[in-house]
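Predicted, not measured: the structure shown is a model, and the values here were computed from it.
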Amino acid sequence: MKLGGRYYNESNITTIQDKLNWLIIHENPEYKSNIVDKILLHEYSKKILGKDICVPIIKIYNASKDINFDELPDKFALKCNHGSAMNILCNNKSKLNKTDAKIKLDKWMKINYGLSGFEFQYLNIKRKIFAEQYLLDNINDYKIYCFNGKPKFIRVQKYLPDHSAKINNYYNIDWTLNEIETGLKHFVRRPDIIFEKPKNLKLMLDYSERLSAEFSFVRVDLYEINDTIYLGEMTFTPSNCGFDCKDKNQSLYLGKMLDLSKVKKKWY
């Protein structure tokens with residue numbers, strides 16, 4: 001069968017892609033909605049960790065027409081709360097084309113992300129725009145993959161200097177380099193580029209385990225800046241489950257990490 005543009009074999013659930021597709025169909029998306037909502041994630045962080053470690057929000061808007069750029073600092077990020085890749089990063093407000101920014105935001109606000117990609121956890125999110133604190137340019141993005149509530153490996157993502165593609169190096173939780181390599185053209189494995197182990201890796205793994213405890217699979221995205229850990233987002237369907245590995249054995253290897261018999265909240 002075809003699901004969201006991907007072929008999915010219900011009778012042969014072995015790869016990580018097939019297992020994540022199985023979860024889309026069989027796992028209740030409603031209890032994930034407040035997690036993928038980038039505004040409500042702040043409340044989830046407080047509930048689980050006892051504190052909000054998300055990137056601080058400056059202001060929340062119902063529509064782009066409500067944005068008063070004069071009230072925003074020189075550096076900020078504008079984002080929609082209901083999907084992926086709906087971000088405008090501004091590191092110099094005087095150079096921002098504010099009209100174009102609002103046009104982009106208006107376009108994104110019309111998208112029902114849950115329908116467009118069959119990622120049902122986004123289906124009923126009340127769409128909003130928010131301004132967020134700007135962190136750093138081209139920061140290391142630590143994406144921690146958690147299976148049945150346990151962190152298993154970490155993907156470090158960062159743009160190449162010319163922004164032609166994103167480095168995607170995978171590490172085991174002991175920070176040894178993993179052989180995993182996705183087949184997506186804009187992601188490249190660069191073992192020659194060494195990422196230093198985060199100073200707070202142990203705490204990052206602890207946060208990820210606690211935040212992922214009730215889910216079959218989730219990717220927890222963290223940043224580390226000046227010894228402070230920030231939670232960027234939590235993702236249940238990375239790349240809309242279309243991140244085929246270059247080597248199918250790697251997809252099978254990742255698939256073995258996810259035990260579908262432990263699914264707690266089935267949709268039907």
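Between the side chain of S212 and the backbone N or O of S208 there is at least one donor-acceptor pair closer than 3.5 Å. With hydrogens and angles ignored, the 3.5 Å screen pairs a side-chain donor or acceptor of N169 with a backbone N or O of I193. A distance-only check finds no donor-acceptor pair linking the side chain of D66 to the backbone of Y61 [under 3.5 Å]. Without hydrogens or angle criteria, S33 side chain to I125 main chain gives no donor-acceptor distance under 3.5 Å. For the pair D259 (side chain) and S261 (backbone), a donor-acceptor distance under 3.5 Å is present. Distance alone, capped at 3.5 Å, is enough to place a donor-acceptor pair between the S45 side chain and the K51 backbone. For N226 (side chain) and T228 (main-chain N/O), no donor-acceptor pair under 3.5 Å exists by modelled atom type.
For residues 180-203, the set of pairs meeting the ring pair (Phe, Tyr, Trp, His ring centres under 6.0 Å) definition, not counting sequence neighbours, is empty. Residue pairs meeting the salt bridge (charged side-chain N to carboxylate O under 4.0 Å, His left out) criterion with at least one partner in residues 225-238, sequence neighbours excluded, are K38-E233. Sorted by first and then second residue, the salt bridge (charged side-chain N to carboxylate O under 4.0 Å, His left out) pairs involving residues 84-97 (not counting sequence neighbours) form an empty list.
Environment of OH in Y159: sparse, with no more than 12 heavy atoms of neighbouring residues, nucleotides or ligands closer than 6.0 Å. By the 6.0 Å contact criterion, NZ on K104 is open, its count of non-hydrogen atoms from other residues, nucleotides or ligands being 12 or less.
No hydrogens or angles considered: a donor-acceptor pair under 3.5 Å links the side chains of Y142 and N140. Side-chain contact check for T237 and E119: at least one donor-acceptor pair (N or O, by modelled atom type) lies under 3.5 Å.
In this view, Y31 and F215 satisfy the ring-ring contact (aromatic ring centres under 6.0 Å, His included) rule, not counting sequence neighbours. Y253 is linked by a ring-ring contact (aromatic ring centres under 6.0 Å, His included) to nothing, counting only residues two or more places apart in sequence or in another chain. Scanning for side chain to side chain donor-acceptor pair (under 3.5 Å) contacts around Y122 gives an empty result, with sequence neighbours left out. K59 is linked by a salt bridge (Lys or Arg N to Asp or Glu O under 4.0 Å) to E71, counting only residues two or more places apart in sequence or in another chain. With sequence neighbours excluded, no residue satisfies side chain to side chain donor-acceptor pair (under 3.5 Å) with D247. The side chain to side chain contact (heavy atoms under 4.5 Å, CB included) check on K256 picks up nothing, with sequence neighbours excluded.
Listed by chain and number, the hydrophobic cluster partners of I60 are I39, I57, F130, where partners are ILVMFWY side chains within reach of under 4.5 Å, directly or through others. Through side-chain heavy atoms spaced under 4.5 Å, either directly or across other Ile, Leu, Val, Met, Phe, Trp or Tyr residues, V55 is tied to L135, L136, I139, Y223, I225, Y230.
The NZ atom of K47 sits 12.5 Å away from atom CG of L41, with the distance rounded to the nearest 0.5 Å.
With a 6.0 Å cutoff to the six-membered ring centre and a 45° limit on the axis angle, K32 counts as a cation-pi contact of F236.
The pair K202-D206 fails the salt-bridge criterion, with no side-chain N (NZ, NE, NH1 or NH2) lying under 4.0 Å from an Asp/Glu carboxylate O. Residues K98 and D100 are not paired through a salt bridge, judged by the lack of any N-O separation under 4.0 Å between the basic side chain and the carboxylate. Look at D141 and K143 and you find a salt bridge, because one of the NZ, NE, NH1 or NH2 atoms lies within 4.0 Å of a carboxylate O, short of that distance.
Considering all non-hydrogen atoms of both residues, M204 and P198 come closest at SD-CB, 3.7 Å.
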Result block: side-chain N/O donor-acceptor pairs under 3.5 angstrom for residues 79-87, not counting sequence neighbours:
{"unit_1": "K79", "atom_1": "NZ", "unit_2": "E132", "atom_2": "OE1", "d": "2.7"}
{"unit_1": "N81", "atom_1": "OD1", "unit_2": "K128", "atom_2": "N", "d": "2.7"}
{"unit_1": "N81", "atom_1": "ND2", "unit_2": "D37", "atom_2": "OD1", "d": "3.1"}
{"unit_1": "N81", "atom_1": "ND2", "unit_2": "D37", "atom_2": "OD2", "d": "3.3"}
{"unit_1": "N81", "atom_1": "ND2", "unit_2": "K126", "atom_2": "O", "d": "3.1"}
{"unit_1": "H82", "atom_1": "NE2", "unit_2": "W108", "atom_2": "O", "d": "3.0"}
{"unit_1": "H82", "atom_1": "NE2", "unit_2": "I111", "atom_2": "O", "d": "3.2"}

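Taking the six-membered ring where the residue is Trp, the centroids of F76 and Y134 are separated by 6.0 Å or more.
The shortest side-chain heavy-atom distance between I167 and V156 does not fall under the 4.5 Å cut-off. At least one side-chain heavy atom of E209 sits under 4.5 Å from a side-chain heavy atom of K150.
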